[in-house]
Amino acid sequence: MESLEAALGRAESLSVDELADAIESIGFECTRCGGCCTAIDDEAGTEPHTATVFPDEVRQLQAAADERFETSYDWRDVARPMPYGLDEDGTGETFEWALQTDACGDCTFYEEADDGTGACTVHEDRPLVCQTYPFSLALGGTGEPMGEAVDREGLVRAHECEGLGRDIDRETAEELAETLKERSIRDLEEAIELRERYEPRPDADGAVVHDSEGSKRPDGTPLDRR
Ligand code: SF4
């Protein structure tokens with residue numbers, strides 16, 4: 001399997017032009033349906049929205065929300081431990097943060113207008129995963145590639161989204177490609193840092209999140225080293 005360092009080298013050398021070609025070939029325009037910001041409801045029940053957010057993005061969102069809503073947002077208002085890997089009672093160890101959700105399971109920053117169109121209340125400061133949806137890059141070491149291959153090499157993937165297939169101009173495709181590349185590099189850098197700092201903490205009470213900055217409690221405070 002490709003090492004994280006090799007995958008990072010590959011990510012850094014990606015051609016934005018070629019990524020933009022792939023995005024342009026399938027086409028995309030956000031329809032503001034809210035599908036990527038809300039819980040999934042199906043016969044199996046409701047699955048809360050889950051989107052990965054990096055630790056520095058949590059702080060950026062806290063600052064943006066403080067300014068936007070003129071109130072003080074703490075870490076838990078913005079992020080929660082990624083549930084994958086945790087026990088049913090929410091305890092255990094996990095390796096990522098997810099955007100916080102509201103009582104309906106939607107992203108805490110999602111707002112729906114009376115006409116049904118969705119809006120992100122922190123649009124300018126939304127995390128990289130939101131800026132690049134529905135696209136991802138299938139590079140070794142990053143999270144599972146999502147969706148169908150867009151290019152012949154299978155590098156650019158697109159998750160199911162009603163905005164796919166719509167016209168996109170070259171400038172927008174290039175901006176999206178640049179951000180997609182940036183996200184992949186960040187993802188791999190985070191994974192390398194996490195691997196360096198990881199120390200199992202089965203002794204800790206409640207949930208523990210291991211991220212690129214160390215081990216944290218669900219409120220974002222560092223867990224004392226043993
Ligand atoms: S931060 Fe904004 S774009 Fe991202 S999931 Fe939440 S509402 Fe949607």
Side-chain angles (χ1 to χ4, degrees), residues 23 26-42 45-84 94-137 142-147 157-164 166 168 172-173 175-187 190 209 211-212 218-220:
I23 291 168
I26 188 165
F28 171 70
E29 184 186 26
C30 177
T31 63
R32 302 183 66 177
C33 70
C36 60
C37 305
T38 52
I40 299 169
D41 284 309
D42 57 24
T46 300
E47 194 185 324
H49 174 264
T50 49
T52 304
V53 60
F54 299 133
D56 64 319
E57 291 181 321
V58 176
R59 289 186 284 270
Q60 187 181 334
L61 282 165
Q62 274 180 272
D66 283 356
E67 202 179 311
R68 165 86 170 74
F69 305 110
E70 293 180 356
T71 180
S72 183
Y73 266 62
D74 71 23
W75 185 281
R76 293 181 89 144
D77 293 326
V78 171
R80 64 190 175 110
M82 183 62 86
Y84 309 128
T94 186
F95 297 90
E96 280 179 317
W97 296 97
L99 283 168
Q100 187 56 275
T101 49
D102 62 17
C104 305
D106 300 339
C107 173
T108 191
F109 296 114
Y110 180 71
E111 236 176 42
E112 197 170 286
D114 290 342
D115 67 358
T117 54
C120 173
T121 55
V122 287
H123 185 77
E124 293 303 315
D125 297 279
R126 68 201 192 285
L128 287 166
V129 70
C130 304
Q131 292 180 46
T132 51
Y133 193 88
F135 297 101
S136 60
L137 297 180
T142 53
E144 281 294 298
M146 295 166 77
R157 304 292 179 120
H159 195 270
E160 199 178 303
C161 171
E162 69 172 37
L164 287 171
R166 294 175 167 242
I168 186 168
T172 307
E175 280 170 14
L176 193 45
E178 186 76 54
T179 312
L180 195 53
K181 178 176 173 176
E182 181 191 343
R183 176 183 146 207
S184 290
I185 291 171
R186 281 294 314 278
D187 207 6
E190 290 279 326
V209 181
D211 67 24
S212 59
D219 66 0

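Just so it is clear, the values below take in all heavy atoms, side chains as well, and ignore hydrogens, waters and symmetry mates. Whatever order the structure lists ligands and atoms in, that order sets their numbers, starting from 1.
With sequence neighbours excluded, no residue forms a side chain to side chain donor-acceptor pair (under 3.5 Å) with T179. Scored by the side chain to side chain donor-acceptor pair (under 3.5 Å) test, E111 finds no partners at all (sequence neighbours excluded).
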Using residues 67-76 as the side-chain source, report each donor-acceptor pair under 3.5 Å to any protein atom, sequence neighbours left out, with the distance given to one decimal.
{"unit_1": "R68", "atom_1": "NE", "unit_2": "T121", "atom_2": "O", "d": "3.2"}
{"unit_1": "D74", "atom_1": "OD1", "unit_2": "R76", "atom_2": "N", "d": "3.0"}
{"unit_1": "D74", "atom_1": "OD1", "unit_2": "D77", "atom_2": "N", "d": "3.1"}

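Within 6.0 Å of CG on D115 lie more than 12 heavy atoms contributed by other residues, nucleotides or ligands.
C104 contributes atom SG, which lies 10.0 Å from atom CD of E112 (distance to the nearest 0.5 angstrom).
Among L61, V129, V78, the one residue that satisfies the side chain to side chain contact (heavy atoms under 4.5 Å, CB included) test with V53 is L61.
Protein atoms of type N/O/S that fall under 2.8 Å from atom 8 (Fe) of ligand 1 number 1 in this view.
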